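I have placed the structure first, in the form of structure tokens, so that the comments after it can refer back to it.
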Amino acid sequence: MANFSSLELHQALEKAFGYRYFRPHQEEIIQAILGDRHVFIELATGAGKSLCYQLPALLGTGLSVVISPLMALMHDQVAALHFNGINAAYWDSSLSATEKEKLRGSLQQEGLRLLYISPERFKDRSFTSLLQKVKLERFIIDEAHCISQWGHDFRQEYLNLSVLSKLFPNTPRIALTATADALTRQDIIRALNLTSPIIFRHSHPNKNLHRFFIPRHHAKTQLLRFLKSRARNECGLIYCGSRYESEKIANFLRTLGYSSFCYHAGLSHQERQNAQYAFYQAKKGIMVATTAFGLGIDKSNIRFVAHFGLPSSLEQYLQGEGRAGRDGKGAISWLCFGLNDYVILNERIKNSDLAIEQKQRRLKKLRAMLYFCDHPDPVFLHHYFTHEEPAKLVPPKKGIDHQQGVLQILSLIYYTDQEASIKEIIQILRGEENSVLDRFNLHKNRLFAIGAHRSQRYWRSLLRHMIGRDLVEVSNYYQLLRFTRAGLAFLRDKPDFFADLSIKEEHYPPPLTIESERERKLQEALYTLREHLIEKQGMAVGYLLEPNLIQAIVRKKARNFQELSEIEGFNDAKLKLFGNEVVRLSQEIMALTPEEQFLQPT
């Protein structure tokens, strides 16, 4: 066990990586890893997980083995480490016999500090035998959620890692992930046999992100409206639900003059690699991809992540949006979703080869994702990741009470013996003829045409909310609507059902535009002020001095209380809380030079 003071760690950080300060939680995690304990680390995407194990490896005298599913990114990380003068290597199928022999020599000479490998490597007995002869300091299991069958991205090859505790019982194991609910976390700890681990859980997403959840209605138009609100010189990432859709959207954007890239599993390895590197190097442009693109992305200037469809879980959603705004500047998470997205993913899960228990788990995750889109409540999000049982779906009473509409849908499901589809239920409510009417003799039923004054969009939106709150479920064939226990209880007890189904015009924050060196300095100073305020008074202050307001202050160049009060969103409470400091910074940084003062009109 090596003991390093905070000063020594900061000196090593600056010398090796050029940073003067650690990001939140990094130093305490590094100290735990240096203490030779098993450690479980859950840090949000973009929070700096890699440095948490790279710095301890640099300070050690043995080898740290990093296990990752991302071959292409292994190469990039090793190249970056070499650039910083750190002795690291990777071992994968791309190496020639000569290169492997040379690497064996480096391992035996004990000069190597970091070795990156894929989990499949542990099938190779000669490789594990080689490691047993080396001075090992620790194993780092990156993307550790891949080992859990309860996780959102289970990978069979990660099961090979169960041998670590048997072959290397005295070597500490470090598990890293960005998102893991309670059950997945327990499964990771069990599968890797992390006895009495130190656990770090700081998976809150980037606080500089603006979230937008857009109910789908003419989705292409909605996407285009969003993109038009962004600067053409921004980098962005759009996730699509299928290979076909990702190619279609990428081509659509090219016809509009956008620089766009496409990435999905159907492309050849070379095509994917070319698209990935082109996007990494681009100062502007949009990557359109399926979820095949994502793990390990480290591109700091992504200004927005757009999900063009419903993600299959909150874990997938948070990992995706976490790729925006890694530079600490304002960024946008945009999600366009609809009932059809849910239906398709629901069918895909139910018709899969997964075990029944796993299907049920995936379906719960999908429903939680749908619920969060309509009710983006941070309390619900916190409960989701800290409790095994899902939170009670009781959203705040916003919007209008749609109790009667809900009861009409549930009653009609009852009268049709749960044998009517989404489309057929809506048709009957709107007074439209279909075969179900004759089959169940519903022409004279009071529910026939009771909702004729409501649009199809209204009924689909209400059904989406009902599914999210677990009042009904959809069958895997023909989209038949079925009761849940909660739905039957609603039919019996008739509680209220508040929901906001109104159509709103979204107002997106302006793109980041810095026109002068002084404006750039003012923006940086305001973000530093925000960080200090959060540190002293909590995250609530961060929501007051949020990125959009910082941009407005920079544009306004406000140098007194009157000018601050003219900025939209700047109220008396904010003036009292941090107005003096904002004015001081603006006056200092934006002060005119004597020449500029002379040139000012009189």
Side-chain angles (χ1 to χ4, degrees), residues 149-150 152 215-216 241-242 245 309-314 316 337-374 390 393 402 405-442 445 447-448 450-451 454 456-492 497 499 501:
Q149 297 188 49
W150 304 117
H152 67 287
R216 186 184 290 261
S242 68
E245 194 170 49
L310 185 72
S312 61
S313 68
L314 281 162
Q316 188 184 93
F337 68 104
L339 181 58
N340 271 354
D341 297 328
Y342 175 86
V343 169
I344 291 168
L345 291 170
N346 176 69
E347 286 185 4
R348 191 177 297 168
I349 294 169
K350 288 184 174 179
N351 294 337
S352 70
D353 295 328
L354 293 170
I356 292 174
E357 197 174 3
Q358 286 178 281
K359 286 183 181 181
Q360 291 172 343
R361 185 74 182 170
R362 295 280 177 93
L363 291 169
K364 283 182 181 179
K365 288 179 179 290
L366 177 61
R367 189 166 56 245
M369 182 69 245
L370 182 66
Y371 175 85
F372 187 71
C373 287
D374 281 314
L393 306 180
H402 296 276
V406 173
L407 289 172
Q408 288 161 6
I409 289 174
L410 292 173
S411 299
L412 197 49
I413 293 172
Y414 171 79
Y415 285 125
T416 56
D417 289 342
Q418 305 181 81
E419 290 297 323
S421 68
I422 293 172
K423 182 180 179 180
E424 290 165 337
I425 290 287
I426 293 173
Q427 284 176 333
I428 294 169
L429 289 169
R430 299 189 69 236
E432 298 171 11
E433 297 283 336
N434 62 35
S435 60
V436 175
L437 277 169
D438 296 325
R439 197 185 342 153
F440 293 98
N441 194 24
L442 295 174
N445 189 294
L447 294 173
F448 179 56
I450 197 170
R454 301 284 195 184
Q456 184 182 90
R457 181 176 179 178
Y458 167 85
W459 289 112
R460 289 181 65 84
S461 296
L462 185 57
L463 263 170
R464 188 186 73 236
H465 278 261
M466 290 173 66
I467 292 169
R469 297 192 209 181
D470 197 24
L471 297 188
V472 292
E473 67 170 323
V474 185
S475 72
N476 50 324
Y477 294 107
Y478 308 114
Q479 300 181 18
L480 304 180
L481 289 173
R482 303 279 167 79
F483 287 119
T484 62
R485 288 183 182 179
L488 289 171
F490 192 101
L491 202 53
R492 180 190 66 229
F497 191 95
L501 308 183

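Bear in mind that the values here come from a model prediction, so they are computed numbers and not experimental data. FYI, the numbering just counts along the sequence from 1.
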message: Under the salt bridge (Lys or Arg N to Asp or Glu O under 4.0 Å) definition, can you give me all pairs with a residue in residues 405-418, not counting sequence neighbours?
response: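 Not a single pair qualifies under salt bridge (Lys or Arg N to Asp or Glu O under 4.0 Å).
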- prompt: Could you give all pairs that pass the side chain to side chain donor-acceptor pair (under 3.5 Å) test and reach residues 419-432, with sequence neighbours left out?
  reply: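 Sorted pair list: Ser421-Glu424, Gln427-Asn434, Arg430-Glu432.
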field: Rounded distance [0.5 Å steps], CG in Leu310 versus CG in Leu366
entry: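 Going from the CG atom of Leu310 to the CG atom of Leu366 covers 6.0 Å.
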query: Quick one: does Leu480's side chain get under 4.5 Å of Val474's, heavy atoms only?
result: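 Counting from C-beta outward, Leu480 and Val474 never come under 4.5 Å.
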query: Are Leu463 and Ile426 close enough that some pair of their side-chain heavy atoms sits under 4.5 Å apart?
result: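 SC-SC contact between Leu463 and Ile426 confirmed.
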[X]: what forms a side-chain contact (heavy atoms from CB on, under 4.5 Å) with it, not counting sequence neighbours?
{"X": "Leu354", "answer": "Ser352, Gln358, Lys359, Arg362"}
{"X": "Glu473", "answer": "Lys350, Arg482, Thr484"}
{"X": "Arg457", "answer": "His217, Ser455, Ser461, Ile503"}
{"X": "Leu491", "answer": "Leu407, Leu410, Ser411, Phe483"}

message: Suppose we screen for ring pair (Phe, Tyr, Trp, His ring centres under 6.0 Å). Which residues come up paired with Tyr458, at least two apart in sequence or across chains?
response: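 Only His402 meet the ring pair (Phe, Tyr, Trp, His ring centres under 6.0 Å) criterion with Tyr458.
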- prompt: Taking only residues two or more places apart in sequence, or in another chain, which ones meet Phe337 in a ring pair (Phe, Tyr, Trp, His ring centres under 6.0 Å)?
  reply: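 By the ring pair (Phe, Tyr, Trp, His ring centres under 6.0 Å) rule, Phe337 matches no residue at all.
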Any residue meeting side-chain hydrogen bond (donor to acceptor under 3.5 Å, both in side chains) with Asn351, in chain and number order, not counting sequence neighbours: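 In terms of side-chain hydrogen bond (donor to acceptor under 3.5 Å, both in side chains), with neighbours along the sequence ignored, Asn351 is linked to Asn476.
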message: Glu433: which residues meet the side-chain hydrogen bond (donor to acceptor under 3.5 Å, both in side chains) condition with it, sequence neighbours left out?
response: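 For Glu433, the residues satisfying side-chain hydrogen bond (donor to acceptor under 3.5 Å, both in side chains) (neighbours in sequence not counted) are His443.
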Cation-aromatic face contact Arg469/Phe497, 6.0 Å, 45 degrees: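 Yes, a cation-pi geometry holds between Arg469 and Phe497.
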message: Can you list everything that forms a salt bridge (Lys or Arg N to Asp or Glu O under 4.0 Å) with Arg216? Sequence neighbours excluded, please.
response: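 With neighbours one apart ignored, the set is Asp341.
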